[in-house]
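What follows is one structure encoded as C-alpha cells, with my remarks underneath.
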Amino acid sequence: MSEEEEELGTELIAELYKPPALLPIAPLKDPLLYAIETFPVTIIVGETGSGKTTQIPQFLYKGGWTNDGSQIAVTQPRRIAATSVSARVAEELGCQLGQEVGYSIQFEDVTSEKTKIKFLTDGLLLREMLVDPLLKRYSVVMVDEAHERSLSSDILLSLLKKVLRARPDLRVVVSSATLDAEKFLDFFAPDDGQTVHSKTKVDYETIVSIEGRTHPVDIFYLSSPTNNYVEKAVDTALLIHNSEPDGDILLFVTGREEIDDAIDMVADRIADLGPSAKKLQPLPLYAGLSTEQQMYVFQKADQNTRKLIVSTNIAEASITIDGITYVIDTGYVKLRAYDPVLGLERLNIVPVSKASATQRAGRAGRTRPGKCFRMYTEVAYDALDDATFPEIQRSNLAPVILQLMNLGIQNVVRFDFLDNPPSALVVRALDLLFSLGAVDAYGRLTKPLGARMAELPLEPMLARALLNAPSFGVLSEMLTIAAMMTLQGTAFVAHDGNNKQLERARSRFAVKEGDHVTLYNVYQAFTNPAVGKQSPQWCRENCLNYKAMLKAVSVRKQLRNSLDRMGIQENTLTSSDAIRVGGMEVTERVQRCLTTGFFAQAARMKSDGSFVAVGGDTVLWAHPSSLFFHRKVDWVVYHEIQESKGKVYIRDLTSVEMEWLTEYAPEYYKVKQR
DNA sequence: GAGCACTGC
C-alpha cells in the first residue's frame, strides 16, 4: 500500500471513531443477537454513524459464532473500506490486524489461521465461492452497503439465497439503507412450495433498525427549478461564503467538465470580493486526479480561507472529507448505461436517487450540524427514484454470466436476480461468449477454455487473447499488455492540465502498431532497473501515474500465477504453433494475438480520419488519447467503445490486417457477411 | 477532431 493510501485510510479511521459503548447500536446488541440466532436472514437498516459495520461482527464474535472454528465474513464494496474498518475493529478488540481480525482484498490477504472476523470485498467473496461454493468456513456472512446495488453484491445476495437452502445453519446479515429494506426482505422470503422448512416469511427473516448518529442537516430547496444547475450552485456557494459562518463547502456535480466550469466561474467571482474579504479556495476532486492532487482536499485551508470542494460522486461514499458543513447538491450524477444493440457504453447525466441525495446531504453533518442546499425543488425531490438503478441492469453482462456459469449456474436466464437484467443484455452477453468459444452451442460453459477465461480477473475478450498468447509465443508480452489494460486509461496523467507535456511523454513510448504495444513499452521502461526503476520520480517526469503502474505490476504477477496454476507457460508452444509463427516479428505476433480476442471489435479508418465498424455503419472516432487520433491507419481492433457527447470513441487501438479477422474468427465473419 | 461517473476480481 502506498503512503498516500495509508493516509486516506487513517483519515477514514479518524472519521469512524466513536466510543463503542456510546454508539446507537450498543443497546441493540441483545435484540440483534436474538434475531440472528432465530432467523436465517436479518436485514439491518442502519444509518451512517450507527456503528453497524464495526460492532455487529464483534457482537457475533463475542456471542460465540466462531467458537466452532468458523469465521464471520463482512463484505464491503470498496477495498479502502475493508482495510480501514478491519483496522478499527482490530484496535477495538485489542488484537493485531491479521490475527483474530483481518482483511482480504485483491493482491492483499492479511488473515491467518487465527482470523475469526474477516473483512473482504464482495467481489473477492464471489471468487472464494469457486473453491468453497457453500461458504462452509463461515457461520455468518454480512453483506454491507447492499443498498448500493453493485454488480457483485447483487450476485452475492442471489448466491447466498441459494446457499441457505443447502445450509440452514448459515446466517446472512444484509445491511441496507432505509428505503430498500423491504425489497431485500421480499427477495429472501422463501417461495411457496420450496424446501426451506415450510417457514413463512415472518419466521424466516426480520428487519432491525438502528438510528444514525450524525448531526442534523437542514435541507433547503429551490423555490423554482433552474435550467443551469452549475451556475446556480456557484451562486449558492458564493452566498454561503458571504453570509454563513465558517465551515467548508462540498459541491456535487457530474464530471470533470462541470468541475472545471464551476471552478472558472468561482475564480471570476472571487476577484470581486475585494482583498480584505475572507477567501474562498475552490478545489477539484475526481477519480482521474493523481493521488497527490487529491490530497489537497484533505489539507487544512489557510487562515481566513474557506474550502469549496467541487467533486464528482466520488465524495458521496468513496472519499470522506472532514470539516464539511455545507453541501450543495446539483441533483445529477453521471451513470453508465450499456447499449446491447450497439454494444457500447454511454455515460448519461441523470437525476440522482433519493438515497443518493440523502447520502450527499449527510456529508454536511459528520462533525457538527450542517446545511444542504439542493439545486432543485421539493417537488422534484419527491419525484426522484428511491434507489439508484441497479448496476446489473445497465452493464455489459458477459463477465458476470461467465462467472456465474463457472460457479455452476447452468441456466442464467432462470437465475434468481434481485432485479432481472433486461433480456437483451443477457442475449448479447451469451452471443459474445459463444463467439469467443467460452460457451458452446448448447449454452454450456466450455472446458477448459470457458472455465479458464472465467478464472482470470479480466474481461472475456482480453482473457481469450491472453490464453491464446502461448500459441503465438508472446505470453510474457500479453501478460504485460493485459495488466496495462486493466488500468483503463489511467496510466498517463497530466500535471495541472498540461496536455502538451503529456502528449510529449506519450510519444516517447509510441510505436506505429498502436496503443497496446505503446503501453507495453511504458511497462517495460517502468520496470527496467536501468530506466524507470519502478520509481515515483521517473513516473512524474514521464507523466505516468505511479500508483496505476504499481497496480499493473501486481495484476501481471497475479495473472502469471493464475496461468501457472492452469499449467500454461510459454514453453507449452506446440511445434505446429512454432512453425506458424516462425519468422514473424514479436510485434506482429502480438497484433495477431490481440486479434484472436478482439475480432468482434474491428474497425477501418476512412480518409477523413473517422472509423467505421466492421459490419456496421456507426461512425467511430479514435479517442484523443490514442496514437491514431493523429496518425493514419487502415484496420484496427479496439479495446473499448464509449459514447460521449453524441460522439462514439474507441480507445486503445492496435493496427491489424483485414485477413487476420477472417483467419482467426471465420465463423464470426461468415455469419456477419450474410 | 479534443476527452472516463465510480467501483472491483
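Order of the sequence lines fixes the chain letters, A, B, ..., with proteins taken first and strands second; residue numbering starts at 1 for each chain.
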Problem - Distance in angstrom units between A:Leu502 CG and B:dA2 C1', rounded - result: 13 Å

Practice task
Respond yes when some side-chain nitrogen or oxygen of A:Thr121 is under 4.0 Å from OP1 or OP2 of B:dT7, and no when none is.
Solution key: no

Completion exercise
The nucleotide from B:dC6, B:dC9, B:dA5 with an atom nearest the side chain of A:Ser318 is B:dC6

Exercise for the section: For residues A:Ala82 and A:Phe119, report the shortest heavy-atom separation together with the two atoms involved. Expected result: O-CB, 3.7 Å

Completion exercise
Taking for A:Gln642 and for A:Gly609 the nucleotide of DNA chain B with the nearest heavy atom, the one nearer the 5' end belongs to A:Gly609

Completion exercise
A:Glu257 CD to B:dA2 C1', in whole Å, measures 11 Å

Fill in the blank from the handout: By side-chain hydrogen bond (donor to acceptor under 3.5 Å, both in side chains), A:Ser152 pairs with (sequence neighbours left out) A:Asp122

Practice task
Nearest whole angstrom, please: distance from the P of B:dC9 to the CD1 of A:Ile80.
Solution key: 12 Å

Exercise for the section: Compare side-chain N and O positions of A:Arg79 against OP1 and OP2 of B:dC9 and report whether any pair is under 4.0 Å apart. Expected result: yes

Exercise for the section: Enumerate the residue pairs fulfilling salt bridge (charged side-chain N to carboxylate O under 4.0 Å, His left out) with a member in residues 486-495 of chain A, sequence neighbours excluded, ordered by first and then second residue. Expected result: none

Practice task
Return no unless some side-chain N or O of A:Lys334 is found under 4.0 Å from OP1 or OP2 of B:dC4.
Solution key: no

Fill in the blank from the handout: For A:His623, the side-chain hydrogen bond (donor to acceptor under 3.5 Å, both in side chains) test, sequence neighbours excluded, returns A:Ser625, A:Arg651

Practice task
Report the nucleotide, chosen from B:dG1, B:dC9, B:dC4, that has the shortest atom-to-atom distance to any side-chain atom of A:Glu640.
Solution key: B:dC4

Practice task
For A:Ile259 and B:dC4, give me the distance from atom CD1 to atom P, rounded to whole Å.
Solution key: 14 Å

Problem - Partners passing side-chain hydrogen bond (donor to acceptor under 3.5 Å, both in side chains) against A:Gln71 (at least two apart in sequence or in another chain) - result: none

Exercise for the section: Quickly work out the A:Ile650 CD1 to B:dG3 P distance and round it to whole Å. Expected result: 16 Å

Practice task
Could you check how far CG of A:Leu130 sits from P of B:dG8, rounded to whole Å?
Solution key: 20 Å

Practice task
In whole angstrom, give the distance that lies between atom CD1 of A:Ile314 and atom P of B:dT7.
Solution key: 4 Å

Fill in the blank from the handout: Taking B:dC6, B:dA5, B:dC9 as options, the one with an atom nearest any side-chain atom of A:Arg256 is B:dA5

Exercise for the section: Check the distance between B:dG1's P and A:Lys606's NZ and give it to me in whole angstrom. Expected result: 15 Å

Practice task
Tell me, please, which residues at least two apart from A:Gln558 pass side-chain hydrogen bond (donor to acceptor under 3.5 Å, both in side chains).
Solution key: A:Gln106

Problem - A:Glu257 and A:Lys334 ion-paired at < 4.0 Å - result: no

Handout entry: Positions of residues 479-496 of chain A (non-hydrogen atom under 4.0 Å from DNA chain B), listed by number
Key = A:Gln488, A:Gly489

Problem - Nearest listed nucleotide, side chain of A:Gln106, among B:dG1, B:dG3, B:dC9 - result: B:dC9

Exercise for the section: May I ask you to evaluate whether A:Thr312 reaches the phosphate of B:dC6, defined as a side-chain N or O under 4.0 Å from OP1 or OP2? Expected result: yes

Completion exercise
Assign each of A:Phe611 and A:Arg336 the nucleotide of DNA chain B bearing its closest heavy atom; nearer the 5' end lies the nucleotide of A:Phe611

